[in-house]
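First comes the structure, then the notes that go with it.
Position 1 is the first residue of the sequence; numbering continues from there.
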Amino acid sequence: NYRVVIVGVSQRQTAAQLGEWAQGIGWQGVVVFDEGSALEKALGAKLLPWHTVVAPGGAILYNGDASPDSAAVRGWLGR
């Protein structure tokens, strides 16, 4: 099982703008607004946008400024 979480940061939009965007695309998942940038710092984001894949146990599988390749994602999902 996996879950996609969208994280917005205050350098790019307000919490209200993030909520409107998520609603506008029909997003049904979790949306988090990292107002103080604590999550951004904890995940080691060096620039925006930033992509992080976290395993269920909390290990960071991927950190980078581009989406991970599909083969890696399939491997993490066991597919």
Residue pairs passing the side-chain hydrogen bond (donor to acceptor under 3.5 Å, both in side chains) test with at least one member in residues 19-37, sequence neighbours excluded, are Q11-S37, S37-E40

Atom pairs and distances, donor-acceptor, side-chain atoms in residues 60-68, under 3.5 Å, two or more places apart:
residue	atom	partner	partner atom	Å
Y62	OH	A66	O	2.6
N63	OD1	W50	NE1	2.8
N63	OD1	T52	OG1	2.6
N63	ND2	L43	O	2.6

Applying side chain to side chain contact (heavy atoms under 4.5 Å, CB included), can you list everything that pairs with A15, at least two apart in sequence or on another chain? F33

What pairs with V5 under side chain to side chain contact (heavy atoms under 4.5 Å, CB included), at least two apart in sequence or on another chain? R3, V7, V30, V32

Same cluster for V4 and L18 if Ile/Leu/Val/Met/Phe/Trp/Tyr side chains link at under 4.5 Å? yes

Excluding sequence neighbours, so at least two apart, what forms side-chain hydrogen bond (donor to acceptor under 3.5 Å, both in side chains) with Q13? none

